[in-house]
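Input: a single structure, listed below in structure tokens.
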Amino acid sequence: DAKTTQPNSMESNEEEPVHLPCNHSTISGTDYIHWYRQLPSQGPEYVIHGLTSNVNNRMASLAIAEDRKSSTLILHRATLRDAAVYYCILFMIYNQGGKLIFGQGTELSVKP
Amino acid sequence: KAGVTQTPRYLIKTRGQQVTLSCSPISGHRSVSWYQQTPGQGLQFLFEYFSETQRNKGNFPGRFSGRQFSNSRSEMNVSTLELGDSALYLCASTSGGTGELFFGEGSRLTVL
């Protein structure tokens, strides 16, 4: 299975933009790039996903490299509530279904 | 609408016992997948069910099994528990396709 590589931790200041990088050099053509985040004692929460084009939603933006071997999650203005572990994940399509292949995640801390 | 519900939230078992965990997906969602989260291995895919059929399976021993009922509720079972099975077991549901998965808060299993 293809894997993702993320920095173990990152720091940000409140109300500043945050760019969370992810490498997925062995991604296959049908794998979707998903981002989830997880707060302590909670299940992961969906943030955003895409295949080839950049994507925006109310939570964040996802910038995908042209060769799809890397992507960046962009939080436009970090808040204290954004402190969490962020997972860059490949959604692999199998048998008409799929599975998420999680990496180790980036622990984001936000300073006031 | 109600989210993904997992029961029990916490449980303690001893080695050699078996355990059954339950997951009620979001109404209308037909795909349910299970994940194991441990500090050492992170989040790992266990299996996915769709319309009562196991569609995908991760790399776990046969002691881990699951099933899905006609109302899409799912159970997973772990037999002959080992200390290493101590983990947070997460269930996620989706309506299908390649989009957002909704996770429950998990069942935390401790094996003594």
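A note on names: the letters A, B, ... follow the listed sequences, proteins ahead of strands, and every chain is numbered from 1.
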Straight-line distance of [X] [atom1] to [Y] [atom2], nearest 0.5 Å:
{"X": "B:Gln37", "Y": "A:Gln38", "atom1": "CD", "atom2": "CD", "result": "4.0 Å"}
{"X": "A:Gln42", "Y": "B:Leu88", "atom1": "CD", "atom2": "CG", "result": "11.0 Å"}
{"X": "A:Phe91", "Y": "B:Leu101", "atom1": "CZ", "atom2": "CG", "result": "6.0 Å"}
{"X": "A:Met92", "Y": "B:Asn56", "atom1": "CE", "atom2": "CG", "result": "10.5 Å"}
{"X": "A:Ser41", "Y": "B:Arg108", "atom1": "OG", "atom2": "CZ", "result": "6.5 Å"}
{"X": "A:Ile48", "Y": "B:Glu100", "atom1": "CD1", "atom2": "CD", "result": "11.0 Å"}

Checking heavy atoms, do the side chain of B:Leu90, its backbone, both or neither come under 4.5 Å from chain A?
side chain
Need one label for B:Arg30: side chain, backbone, both or neither, based on atoms under 4.5 Å from any heavy atom in chain A.
neither
Tell me whether [Y] is reachable from [X] by hopping between hydrophobic residues (I, L, V, M, F, W, Y) whose side-chain heavy atoms are closer than 4.5 Å.
{"X": "B:Tyr10", "Y": "B:Leu112", "result": "no"}
{"X": "B:Leu11", "Y": "B:Met76", "result": "yes"}
{"X": "B:Val111", "Y": "B:Tyr89", "result": "yes"}
{"X": "B:Leu83", "Y": "B:Ile12", "result": "no"}
{"X": "B:Phe45", "Y": "A:Tyr36", "result": "yes"}

State yes or no: are the ring centers of B:Tyr35 and A:Phe102 separated by less than 6.0 Å?
yes
Compute the centroid of each ring, for A:Tyr46 and then for B:Phe103, and state whether the two points are separated by less than 6.0 Å.
no
Is it the case that more than 12 heavy atoms not belonging to [X] sit under 6.0 Å from its [atom1] atom?
{"X": "B:Arg15", "atom1": "CZ", "value": "no"}
{"X": "A:Glu107", "atom1": "CD", "value": "no"}
{"X": "B:Arg63", "atom1": "CZ", "value": "yes"}

Side chain, backbone, both or neither of A:Glu45 within contact of chain B (heavy atoms, under 4.5 Å):
neither
